[in-house]
Amino acid sequence: MTAVQTLIPITFAAARGRAHGPTVALWHAVELHRPEAELDGACELTVCGSLARVATGTQWPVAARDVCSACAALTR
Ligand SMILES: [Zn+2]
């Protein structure tokens, strides 16, 4: 048995943040360290440091315009 530890590329899931006062709900990026199936609607720490609910089945980057600019810059 060969135990080759391959580098798993970090993938990102899209998470929908909550609206905060005048700020609208934005799409954030969440680093995926676990299979996406385990993140079933859970609140995760986003790349920019806020909490957002992971939208399973939605891949980052999202094709939306209301995207968190900090997450977009950090995942580039
Ligand atoms: Zn963000």
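Starting from 1, each residue takes its place in the sequence as its number. Both backbone and side-chain heavy atoms feed into the values below; hydrogens, waters and symmetry mates do not. First listed ligand is number 1; within each ligand, the first listed atom is number 1.
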Side-chain polar contacts of residues 61-69 - donor-acceptor pairs under 3.5 angstrom, sequence neighbours left out - could you list them?
unit_1	atom_1	unit_2	atom_2	d
D66	OD2	R16	NH1	3.0
D66	OD2	R16	NH2	3.3

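- Of all protein N/O/S atoms, those under 2.8 Å from the Zn ion (ligand 1) are H28 ND1, C48 SG, C68 SG, C71 SG, and waters are not counted.
- For the pair S50 and H28, the tightest heavy-atom approach, listed with the atom from each and the gap, is OG-CE1, 3.6 Å.
- No side-chain heavy atom of F12 sits less than 4.5 Å from a side-chain heavy atom of C71.
- Listed by chain and number, the residues in a side-chain hydrogen bond (donor to acceptor under 3.5 Å, both in side chains) with R18 amount to none (sequence neighbours excluded).
- Legend: salt bridge (charged side-chain N to carboxylate O under 4.0 Å, His left out) pairs involving residues 42-58, not counting sequence neighbours, sorted by first then second residue: R34-E44.
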- Could you walk me through whether W27 and T58 pass the side-chain contact (heavy atoms from CB on, under 4.5 Å) check? CA-CA 10 Å; W27 284 102; T58 309; 4.2 Å; yes
